Amino acid sequence: MNYWLIKSEPHTYSFEQMKTDKKTMWEGVRNYQARNNMKEMKKGDIALFYHSGKDRQVVGEVEIVKEFYQDPTTEDTNWVVVEVKFKKTFANPVNLADIKGVDSLSEMHLVRNSRLSVSSVRKDEYEMIIEMAKS
DNA sequence: GCCAACGTTGGC
DNA sequence: GCCAACGTTGGC
């Protein structure tokens with residue numbers, strides 16, 4: 001089981017919308033590194049859902065329910081999508097500023113490369129975020 | 001609104 | 001194959 005972090009600008013696709021939709025096709029990724037991460041995703045993996053832009057916080061979790069396939073919104077065979085399902089809204093969203101304040105999270109891709117829209121998360125990092133989301 | 005970081009494009 | 005120019009993303 002692996003852990004991931006996917007980003008969305010709330011104005012484009014918010015976590016509230018994700019909750020309403022219950023399940024969605026994660027489309028529009030046009031970056032090779034992010035694409036490669038999507039190809040690594042397995043059914044049952046968990047992804048943290050992060051709001052970029054004004055929000056800048058991890059707001060909840062989704063589960064990968066369908067592994068990658070050709071992005072149906074483009075003819076370009078370089079790009080793929082996965083399908084994710086709403087899992088949980090955090091009682092306490094975890095701010096980027098708080099994440100940056102935690103030593104053990106300093107190596108997160110989110111911190112190191114803020115522009116990567118789909119990144120992997122280590123198990124210990126994931127567990128730390130979950131702890132921070134509880135209180 | 002600004003700018004740093006990163007990726008992509010195209011001229012040489 | 002290198003690198004300058006440009007566009008985009010996202011934090012501040």
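The model shown is predicted, which means the values in this text are computed figures rather than measured ones. By convention in this document, chain letters (A, B, ...) are assigned in the order of the sequence lines, proteins followed by strands, and residues within each chain are numbered from 1.
Between A/Y50 and C/dT9 there is no side-chain N or O to OP1 or OP2 distance below 4.0 Å.
Between A/W26 and A/F68, the gap from one ring centroid to the other reaches at least 6.0 Å. For A/W79 and A/Y69, the ring centers sit 6.0 Å or farther from each other. Here A/F15 and A/Y50 keep their ring centres 6.0 angstrom or further from each other.
Contacts of A/L96 with the nucleic acid, taken as non-hydrogen atoms under 4.0 Å apart, involve only primed sugar atoms and P, OP1 or OP2. A/K100 comes within 4.0 angstrom of sugar-phosphate atoms only, judged by non-hydrogen atoms across all strands, and of no base. Using a 4.0 Å heavy-atom criterion, one finds that A/E9 contacts no nucleic acid atom at all.
Here the P atom of nucleotide C/dG11 and the CG atom of A/D98 are 14 Å apart, to the nearest Å. As rounded to whole Å, 21 Å separates atom P of B/dA4 from atom CG of A/L116. Following rounding to the nearest Å, A/L5 (CG) and C/dG10 (C1') show an atom-to-atom distance of 14 Å. If you measure from atom CD of A/Q57 to atom P of C/dG10, you get 16 Å, rounded to the nearest angstrom. When the P atom of B/dG7 is taken as reference, atom CZ of A/R115 falls 7 Å away, rounded to whole Å. Whole-Å rounding puts the A/N31 CG to B/dT9 P distance at 12 Å. Taking atom CG on A/N113 and atom C1' on C/dG11, their separation rounds to 12 Å, with Å as the unit. A/H109 places its NE2 atom 18 Å from the C1' atom of C/dT9, with the value rounded to the nearest Å.
Between the side chains of A/E61 and A/Y3, no donor-acceptor pair of N or O atoms lies under 3.5 Å.
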